Amino acid sequence: MTRVAVNGVTGQMGGAVIEAATDSEVVVGFATSDVDAVDGIPVVQPAEAAAALREYDVDVVVDFAVPEGAVTVAEACVEAGVPMVVGTTGFDEDGMGRLKDASEEIPLLKATNFSQGIQVLQRLVREAAGTLDDYDLELMETHHNRKVDAPSGTANSILDVIQEERDVEPVYGREGHAPRDEDEIGVFARRAGDIRGEHELVLAGNDEVLSLSHRAEDRGVFAAGALDAATWLVGRDAGWYAFGDVVDA
Ligand SMILES: NC(=O)C1=CN([C@@H]2O[C@H](COP(=O)(O)OP(=O)(O)OC[C@H]3O[C@@H](n4cnc5c(N)ncnc54)[C@H](OP(=O)(O)O)[C@@H]3O)[C@@H](O)[C@H]2O)C=CC1
Ligand SMILES: O=C(O)C1=N[C@H](C(=O)O)C[C@H](O)C1
């Protein structure tokens, strides 16, 4: 069985990964709060991650934490020579640069969304935005009230795909007198309750509207995808990988 360490083990996604790990074994977790164990799994401070990766003979790390913690653990993975799957979102340029540096030494797979449905949505978005090239575009995402980054990592990834097809400028929310430019895309983030994750792209012409949307109904979908990615990543060459590489394999 693949021996997995979970970064952010005390969090919502950490719990979902532990629950989904039936074909792999979570042997250690990382978090900053002062807890010894979660579900019988020892919890270690991220600053001590490199030693723990060796001590627990970890094959791969699965990360759903915060950007700073993900970078700390990525650098520990480099030290210990362990591959890493990064699910955390909201990195700034420096954080992304440090992950890229790590990927020169270890296999590192980063995805803003580990659901297969979002992989397909991304392909549909590319086709729709490229084909309906004069339609107005608006992008919406909705998440639970504890989410800290906005727009979601997934919304930013969808925006990246659109910008590869169309020269559009994002406008984040609108307020007051805000007439729409031809080349803008409105981007909206809503936060409420325990909504797991909803994304919708609307493409509107004058007489028709195409809506492409996805809704995650359980965090288990992200956890299962990340664990599939983790198993796939073990034994690969150092480099930067995407979830599409796993889904297409
Ligand atoms: N790619 C995908 O498919 C998905 C990505 N996500 C992303 O995963 C991340 C986590 O989401 P979620 O579980 O809901 O968030 P939570 O806030 O529930 O969990 C965050 C976890 O990170 C830990 N943490 C905080 N600081 C550090 C640190 N410096 N080093 C290591 N761990 C740390 C927290 O524990 P403590 O305070 O004890 O340190 C906690 O366990 C978010 O960025 C979210 O957007 C979420 C779902 C799917
Ligand atoms: O924080 C979450 O919950 C989620 N975060 C990811 C994102 O920012 O896109 C993926 C998913 O939508 C759930």
Side-chain angles (χ1 to χ4, degrees), residues 5-20 26 28-39 41 43-50 52 61-77 84-92 95-96 98-99 109-119 121-122 139-160 187 189-200 213-230 242-244 246-247:
V6 177
N7 190 34
V9 71
T10 53
Q12 301 180 103
M13 279 306 302
V17 173
I18 293 170
E19 205 175 316
V26 179
V28 66
F30 307 125
T32 59
S33 55
D34 193 18
V35 286
D36 293 337
V38 173
D39 282 353
I41 297 157
V43 178
V44 171
Q45 291 295 315
E48 290 152 27
V61 171
V62 172
D63 152 82
F64 290 99
V66 298
E68 183 199 347
V71 168
T72 300
V73 171
E75 288 167 358
C77 285
M84 180 168 178
V85 170
V86 178
T88 298
T89 56
F91 292 94
D92 60 15
M96 281 298 287
R98 288 167 70 183
L99 292 182
L109 188 151
K110 181 177 179 309
T112 55
N113 196 303
F114 281 103
S115 91
Q116 293 199 37
I118 285 287
Q119 285 299 307
L121 182 77
Q122 298 271 32
L139 180 59
M140 280 72 66
E141 57 98 337
T142 311
H143 283 84
H144 52 91
N145 58 23
R146 293 169 305 286
K147 186 162 179 62
V148 291
D149 54 316
S152 67
T154 309
N156 284 328
S157 297
I158 292 171
L159 187 56
D160 287 344
V187 181
R190 301 190 296 183
R191 298 288 175 261
D194 195 27
I195 296 167
R196 302 303 204 266
E198 298 177 357
H199 294 88
E200 181 184 21
S213 68
H214 175 270
R215 184 175 70 245
E217 299 192 325
D218 193 287
R219 292 187 176 87
V221 76
F222 308 127
L227 285 164
D228 285 348
F243 189 46
V246 182
V247 173

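What you see is a predicted model; the values in this text were computed from it and never measured. Counting starts at 1 for both ligands and their atoms, following the listed order. Residue numbers count from 1 along this sequence.
The protein heavy atom nearest to atom 26 (N) of ligand 1 is V66 CG2, 3.4 Å. Of all protein heavy atoms, the one closest to atom 21 (C) of ligand 1 is G8 CA, 3.7 Å. When only non-hydrogen protein atoms are considered, atom 8 (O) of ligand 1 lies nearest to F64 CD2, 3.6 Å. Looking at atom 41 (O) of ligand 1, its nearest protein heavy atom turns out to be T10 OG1, 2.6 Å. Protein heavy atom at the shortest distance from atom 45 (O) of ligand 1 is T89 OG1, 2.6 Å. With respect to atom 5 (C) of ligand 1, the closest heavy atom belonging to the protein is G87 O, 3.0 Å.
Here Q12 has heavy atoms under 4.0 Å from ligand 1 in both its backbone and its side chain. The proximity of R219 to ligand 1, defined as any non-hydrogen pair under 4.0 Å, does not occur for either the backbone or the side chain. Under 4.0 angstrom from ligand 1, the non-hydrogen atoms of A65 come from both its backbone and its side chain. Counting heavy atoms closer than 4.0 Å to ligand 1, residue A111 contributes backbone atoms (N, CA, C, O) but none from C-beta onward.
Atoms OG1 and CG, on T72 and N7 in that order, are 8.5 Å from each other to the nearest 0.5 Å.
In this structure, T88 is part of the shell of residues with a heavy atom less than 4.0 angstrom from ligand 1.
Heavy-atom proximity to F114, at under 4.0 Å, picks out these atoms of ligand 1: 1 (N), 2 (C), 3 (O). Ligand 1 places these atoms under 4.0 Å from at least one heavy atom of M13: 13 (O), 46 (C), 47 (C). For ligand 1, the atoms closer than 4.0 angstrom to any heavy atom of G69 are 28 (C), 29 (N), 30 (N), 31 (C). Within ligand 1, counting atoms from 1 as listed, the ones closer than 4.0 Å to a heavy atom of P46 are 30 (N), 31 (C). Those atoms of ligand 1 with a heavy atom of S33 less than 4.0 angstrom away are 36 (P), 38 (O), 39 (O). Of all atoms in ligand 1, numbered sequentially from 1 with element shown, those under 4.0 Å from a heavy atom of T112 are 1 (N), 2 (C), 3 (O). For ligand 1, the atoms lying closer than 4.0 Å to a non-hydrogen atom of G11 are 18 (O), 19 (O), 40 (C), 41 (O).
Residue Q12 forms a side-chain contact (heavy atoms from CB on, under 4.5 Å) with just one option from K147, R146, R196, and that option is R146.
Using a distance-only test at 3.5 Å, with no hydrogens or angles considered, no donor-acceptor pair links the side chain of E141 to the main chain of E198. Counting only distance, with no hydrogens or angles, the side chain of T88 and the backbone of A65 share a donor-acceptor pair below 3.5 Å. Checking side-chain atoms of D39 against main-chain N and O of I41 turns up no donor-acceptor pair under 3.5 Å.
Closer than 4.0 angstrom to ligand 2 lie heavy atoms from T89, T112, N113, H143, H144, K147, D149, S152, G153, T154, R196, H199, F222.
Under the 4.0 angstrom criterion, atom 17 (O) of ligand 1 counts as lacking any protein heavy-atom contact.
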Stepwise, does the side chain to side chain contact (heavy atoms under 4.5 Å, CB included) test hold for V62 with M13? CA-CA 10 Å; V62 172; M13 279 306 302; over 6 Å; no
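Which of D34, V71, T32 comes nearest to atom 39 (O) of ligand 1 through a heavy atom is settled by distance: it is T32.
Of the N and O atoms on the side chains of S152 and H143, not one donor lies less than 3.5 Å from an acceptor on the other residue.
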